[in-house]
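First listed ligand is number 1; within each ligand, the first listed atom is number 1. Just so you know, these numbers come straight off a predicted model, no measurement behind them. The basis for the numbers below is simple: all heavy atoms, side chains too, and nothing from hydrogens, waters or symmetry mates.
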Amino acid sequence: MAGPVEVGAFAAGRIAEVVSAKPEAVLGVATGSSPLETYRALAARRDAGLDLTRVSAFALDEYVGIAHDHPESYHAVVHREVVEPLGLDASRVRVPDGLADDLDAACEDYEAQIAAAGGVDLQLLGIGANGHIGFNEPTSSLSSRTRVKTLAPRTREDNARFFDSPDDVPMHCLTQGLGTILDARRALLVAQGASKAAAVAAIVEGPVSSMWPGSVLQLHRHATLVIDEAAASELRLAEYYRYTVEHRGTVQPGA
Ligand code: F6R
């Protein structure tokens, strides 16, 4: 894709297909900058008549220890950037509880809620420069479930832009595990910009490795990456991927 706007438009189209086929679809939603154009494009589709009122949503992660009404808590971010513009029913939207007295129990409960909803139909993902998806930092177990994690120093630095001071970025989070993400029926990862190029190349063309947690998507039956030119710039087989897209739809049955 040429740039972030095209990435968002394409990803929103994929989500719209899922919701049109199943109006009560369960979406997994990401926070951060990467999915913002996708939400914008989806909001435009909603204005054009796409009904999202019966959709349920589960956030990927949440910081530990910041109030739900803190503007950078993922409770607040999901409400501001997803629930309101898309017109979702807030009672069908869940975010892990980073304020729970018993965080392990909150993680187990989150897994149970996802299961009770029938599982995630489509999980939208961004990727960290270090290859994390959700907040599954390098060396996360490839079969991990929702749990408490310590954020990597690089992730805290990257997310400092959302806080008044780098020290305000929480140290811990709750995140769906890589195993939880793999259970989604579809995975859709969006990435834009040169800062993501190394991670994109590693997860697409490198080995499946906990050192690059997003590489676990190589084990998913229906994972799609939607990336712009800058994020694609380190892919060795970029020409081949373009070639397959050009020739998609030209299969001759029986030929
Ligand atoms: C956010 C999340 C993270 C981000 C990643 C990229 O819910 O799970 O994996 O997707 O840190 O962040 P941005 O998009 O801000 O570069």
Next item on the list: Decide side chain to side chain donor-acceptor pair (under 3.5 Å) for N136 and R147; before the verdict, give the C-alpha distance in whole Å, the side-chain angles of both, and the deciding distance to 0.1 Å.
Entry: CA-CA 10 Å; N136 294 282; R147 68 210 184 291; 2.9 Å; yes
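- The aromatic rings of H247 and Y243 sit tilted, their planes meeting at an angle between 30° and 60°.
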For ligand 1, which of its N or O atoms have a protein N or O partner closer than 3.5 Å, and how long is each gap?
from     : atom 1 : to   : atom 2 : distance (Å)
ligand 1 : 7 (O)  : T31  : N      : 3.0
ligand 1 : 7 (O)  : T31  : OG1    : 2.7
ligand 1 : 7 (O)  : D61  : OD1    : 2.8
ligand 1 : 7 (O)  : D61  : OD2    : 3.4
ligand 1 : 8 (O)  : D61  : OD2    : 2.6
ligand 1 : 8 (O)  : G134 : O      : 3.4
ligand 1 : 9 (O)  : G134 : N      : 3.4
ligand 1 : 9 (O)  : G134 : O      : 2.7
ligand 1 : 11 (O) : H132 : NE2    : 2.6
ligand 1 : 14 (O) : S33  : N      : 3.2
ligand 1 : 14 (O) : S34  : N      : 2.7
ligand 1 : 14 (O) : S34  : OG     : 2.4
ligand 1 : 15 (O) : S33  : N      : 2.8
ligand 1 : 15 (O) : R161 : NH2    : 2.9
ligand 1 : 16 (O) : K196 : NZ     : 2.7

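- With sequence neighbours excluded, no residue satisfies side-chain hydrogen bond (donor to acceptor under 3.5 Å, both in side chains) with T38.
- Taken from OG1 in T31 to CD in E72, the straight-line distance is 9.5 Å, to the nearest 0.5 Å.
- Salt-bridge annotation for D167 and R156: absent, with no side-chain N of the basic residue lying under 4.0 Å from a carboxylate O of the acidic one.
- At a threshold of 4.5 Å between non-hydrogen side-chain atoms, the residues P71 and F163 do not count as touching.
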